[in-house]
Amino acid sequence: MNIEQQLTEKTAKALQSLYGATSDKIAFEKTSPDFIGDLTLVVFNFLKISKKKPEETATEIGTYLKDNIPEIADFNVVKGFLNIVIADSFWLNYFKIINGKPFIKPVPDNAPTVMVEYSSPNTNKPLHLGHVRNILLGYSVSKILSAAGNKVVKTNVVNDRGIHICKSMLAWQKWGNGETPESSGLKGDHLVGKYYVEFDKHFKSDVKNLKLEGATEEEAEKKAPLMLEAQEMLRKWEANDLEVRNLWNMMNGWVYKGFAESYKTLGVDFDSTYYESNTYLLGKEIIDTGLAKGVFKTRDDKSIYIDLTADGLDEKTLLRSDGTSVYMTQDLGTALQRHHEVKFEKMIYTVGNEQDYHFKVLFLILKKLGYAWADGLYHLSYGMVELPEGKMKSREGTVVDADDLMKIMIDTAAETTKELGKVEGLTDDEANHLYQSIGLGALKYFMLKVDPKKKMLFNPAESIDFNGNTSPFIQFNYVRIQALIRKAKEGWDFENLDVFTHNITLLQKEKELIIKLYNFNTVLQQAANELSPALIANYVYDLAKEFSQYYHETPILKEDQKDLILFRLQLSKTIGIVIKSGMGLLGIEVPERM
RNA sequence: GAUCCCAUAGCUCAGCUGGAUAGAGCAACGGUUUUCUAAACCGUAGGCCUUUGGUUCGAAUCCAAAUGGGAUCACCA
């Protein structure tokens with residue numbers, strides 16, 4: 001079925017029969033638009049075995065292929081380029097098979113399991129723009145992996161304990177006057193975040209005072225009374241102090257409720273959630289294993305470490321001299337626990353690139369401990385989100401809050417939609433749902449169309465632009481297709497678009513569109529391999545753009561011949577299916593009208 | 001000091017494992033609506049792909065170095 005495979009195989013045979021040797025460099029690529037043809041073979045690589053001029057070699061191979069592959073209609077040679085024209089009948093035939101069918105297949109029973117971790121928030125403040133990129137990436141990658149035939153387990157690790165939480169708790173205790181989400185009308189995560197900021201404010205003035213008394217910055221930060229109190233609170237938490245635990249439970253409860261709301265608006269979910277308060281003691285048994293295997297070593301002060309200098313890394317402490325564990329130890333333990341619970345083939349950590357080093361070390365340690373599954377661990381590292389005015393700093397108030405951002409996007413969508421007069425005939429619920437699809441779609445697409453590993457600039461003005469390479473443009477083209485189908489059902493007798501029995505001549509653009517559809521699976525596979533939603537985003541945009549051009553230059557319902565109307569409707573409908581599937585992989589909804 | 005990542009139009013980004021004249025969108029300028037939804041379409045203009053070497057028939061793409069930007073290198077998470 002796959003035409004490239006067939007061509008590659010036959011080319012190998014052609015080389016063998018023409019020149020008595022073969023090559024492992026046979027690769028077909030898309031023909032450049034300036035030349036005639038669909039697929040191109042570059043023959044320069046074969047000159048050594050053909051011992052002939054490029055043109056001659058290309059012509060000989062072309063002749064052989066044309067004689068042996070019925071789907072080849074024609075070929076032409078330009079310098080060392082062999083351009084192959086695939087017969088329209090092949091593309092039409094292909095279209096008959098896919099016409100109206102879903103493009104994404106269900107996950108087979110024997111599919112490998114992949115665990116994808118994303119979001120991983122701290123519970124001391126609300127989600128911000130950086131989390132948004134993380135969450136959208138992780139969610140989209142889950143969808144893509146699932147579409148590519150994997151069982152996906154989406155998981156979230158909540159960092160619900162530690163000094164950061166105690167800061168919020170302490171500030172609330174001191175200055176909160178019993179304020180609750182209900183009494184303040186604030187979303188729970190925002191309320192807790194407010195007290196985190198409050199802590200920082202008072203802490204800074206503590207530090208300032210101490211510095212006036214002659215302390216250095218470092219000393220002051222360590223000795224600030226507020227910090228000492230927070231640390232005391234953490235100790236009490238670890239000792240299971242009832243009062244502290246109750247406060248902790250209450251405030252975390254507020255935050256979870258707030259997060260749940262944000263996740264819901266964003267349209268993402270998880271199959272499992274791990275809480276660090278349950279896992280932070282894990283990893284200590286791994287220390288024994290490591291020591292027994294001689295992988296870990298003990299220092300004079302009883303702290304335990306691993307020496308990675310031979311691998312070009314540093315020494316990494318895994319157990320403090322007081323016997324407590326560090327972040328790395330916890331992550332080792334969590335990895336072990338998760339592999340035990342979910343027998344994953346692969347585990348993907350969606351975490352920012354500032355932790356590249358951490359994950360390099362984590363994976364290396366697991367490999368050194370001899371866990372074979374460690375080869376399946378992968379750090380999906382993504383770049384920072386920067387604002388036009390520079391980096392986001394929570395303490396300087398230059399953070400873009402996730403809830404605010406979503407609201408702005410939805411409100412702007414509402415405004416624009418009303419301006420364009422597109423709300424007629426919609427109920428309030430329908431209209432609100434539409435604003436949500438458009439506003440959030442724009443946000444998601446804006447963040448996902450960029451290669452994950454690159455840092456990205458978030459320009460608010462540009463992100464709410466609904467023209468050009470944006471989600472609303474893609475959604476709009478889907479909507480046009482649905483409008484065509486609705487009209488066709490009303491005015492014409494085209495109830496069943498799935499039957500394809502006619503024979504027609506393809507326009508150039510129609511052929512290009514079918515080829516585009518043909519490429520969907522390749523792009524999906526590549527996106528799954530590279531864990532890159534950007535590939536899907538760019539593909540869907542290209543498809544929508546080509547459709548938009550087609551729509552403008554070609555009559556569909558206005559066409560005279562009934563066969564042609566039917567075919568063009570079918571083509572449009574199938575393009576719609578692919579647009580919807582592709583957008584679905586990005587976590588973006590497509591409306592039926594807009 | 002060491003390691004890792006990045007550098008393409010004024011701006012934001014594509015450009016897959018090397019191939020023919022480097023592509024979109026935004027911004028700018030001009031055009032298209034009695035005809036399927038103009039959140040659209042068409043056109044004009046805009047480039048020493050940071051620099052220098054190397055590999056090759058052939059480099060934006062691979063290798064090395066330089067420059068600029070970012071990140072990391074805790075008994076923090």
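Just so it is clear: chains get the letters A, B, ... in the order the sequence lines come, proteins before strands, and each one is counted from 1.
No donor-acceptor contact under 3.5 angstrom links the side chains of A/S572 and A/R480, judged on distance only. Side-chain contact annotation: A/Y539 with A/Q526, donor-acceptor N/O pair under 3.5 Å absent. For the residue pair A/S277 / A/D160, a side-chain donor-acceptor distance below 3.5 Å is found, with atom types taken as modelled.
For B/G68, the paired base is B/C6 (Watson-Crick or G-U wobble, both distances below 3.5 Å). Pairing for B/U44 goes to B/A28, judged as Watson-Crick or G-U wobble with the two contacts each under 3.5 Å. Nucleotide B/G19 forms a Watson-Crick or G-U wobble pair with B/C57, both donor-acceptor distances falling under 3.5 Å. Pairing partner, B/U34: none, since no Watson-Crick or wobble contact has both distances short of 3.5 Å. As the counterpart of B/A14, no nucleotide is assigned, since no Watson-Crick or G-U wobble pattern has both distances under 3.5 Å. A 3.5 Å limit on both hydrogen-bonding distances identifies B/C73 as the Watson-Crick or G-U partner of B/G1.
Between A/D322 and A/N469, it is A/N469 whose nearest contact on RNA chain B lies nearer the 5' terminus. Position along RNA chain B of the nearest nucleotide to A/H164 versus A/P472 favours A/P472 as the more 5'-ward residue.
Here the separation of B/A60 from B/A7, taken at their C1' atoms, is 11 Å to the nearest Å. Between the C1' atoms of B/U56 and B/C11, the separation comes to 36 Å (whole Å). For the C1' atoms, the distance linking B/G23 with B/C62 amounts to 22 Å, nearest Å.
Both geometric conditions, a ring-centre gap below 5.5 Å and a plane tilt below 30°, are not fulfilled together for A/Y551 over the base of B/A40. Aromatic stacking is not marked for A/F81 over B/G19, as the cut-offs of 5.5 Å for the centres and 30° for the planes do not both hold. Residue-nucleotide stacking is not present for A/Y541 and B/A24, judged by a side-chain ring centre under 5.5 Å from the six-membered base ring centre and planes under 30° apart.
Within 4.0 Å (heavy atoms only), A/M456 reaches sugar-phosphate atoms of the nucleic acid but no base atom. In this structure, A/L313 reaches neither bases nor backbone, as no heavy-atom distance under 4.0 Å exists between it and the strands shown. At a threshold of 4.0 angstrom between heavy atoms, the contacts of A/T522 with the nucleic acid are absent. Residue contacts shown for A/V42 include a base, since a base heavy atom lies under 4.0 Å away. Contacts of A/T470 with the nucleic acid, taken as non-hydrogen atoms under 4.0 Å apart, are absent. Residue A/Q355 is classed as a base contact, given a heavy-atom separation below 4.0 Å to a base. Using a 4.0 Å heavy-atom criterion, one finds that A/Q526 contacts the bases of the nucleic acid, with or without backbone contacts as well.
We find that CG of A/D34 is positioned 12 Å from C1' of B/A22, with the value rounded to whole Å. Nucleotide B/U37 holds its C1' atom 11 Å from the CZ atom of A/F547, rounded to whole Å. Look at NZ on A/K449: it is 16 Å from P on B/C11, rounded to the nearest Å.
Distances shown here put a side-chain N or O of A/R320 below 4.0 Å from the OP1 or OP2 atom of B/C76. Side-chain N/O atoms of A/N353 include none lying less than 4.0 angstrom from OP1 or OP2 on B/U72. Between A/K454 and B/C5 there is no side-chain polar atom (N or O) within less than 4.0 angstrom of OP1 or OP2. When the side-chain nitrogen and oxygen atoms of A/S303 are compared with OP1 and OP2 of B/C75, none of them lie within a distance under 4.0 Å. Contact check, A/Q549 against B/C42: a side-chain N or O comes under 4.0 Å of OP1 or OP2. Contact annotation: A/K487 side-chain N/O to B/U37 OP1/OP2 distance is under 4.0 Å. The phosphate of B/A39 (OP1 or OP2) has no side-chain N or O of A/R480 nearer than 4.0 angstrom. Dashed line: the shortest gap from a side-chain N or O of A/K360 to OP1 or OP2 of B/C73 is not under 4.0 Å.
Ion pair A/R161/A/E238 flagged as a salt bridge, since at least one NZ, NE, NH1 or NH2 atom sits closer than 4.0 Å to an Asp/Glu carboxylate oxygen.
Relative ring orientation between A/H131 and A/H128 is described as tilted, the plane-to-plane angle lying within the 30° to 60° band. Between A/W248 and A/W237, the two ring planes are perpendicular [angle over 60°; tilted spans 30° to 60°].
One cannot find a donor-acceptor pair under 3.5 Å joining the base of B/C41 and the side-chain atoms of A/S548. Residue-to-nucleotide contacts include a donor-acceptor pair under 3.5 Å from the side chain of A/T40 to the base of B/A20. Remark: the A/N83 side chain and the B/A20 base include a donor-acceptor N/O pair separated by less than 3.5 Å.
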A/I84 and A/L41: CA distance, side-chain angles, deciding distance, side chain to side chain contact (heavy atoms under 4.5 Å, CB included) verdict: CA-CA 8 Å; A/I84 308 256; A/L41 179 71; 5.7 Å; no
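A/P121 approaches A/L127 most closely through the heavy-atom pair CB-CD2, 3.9 Å.
Distances from the side chain of A/N45 to the nucleotides B/A39, B/A77, B/G19 place B/G19 closest.
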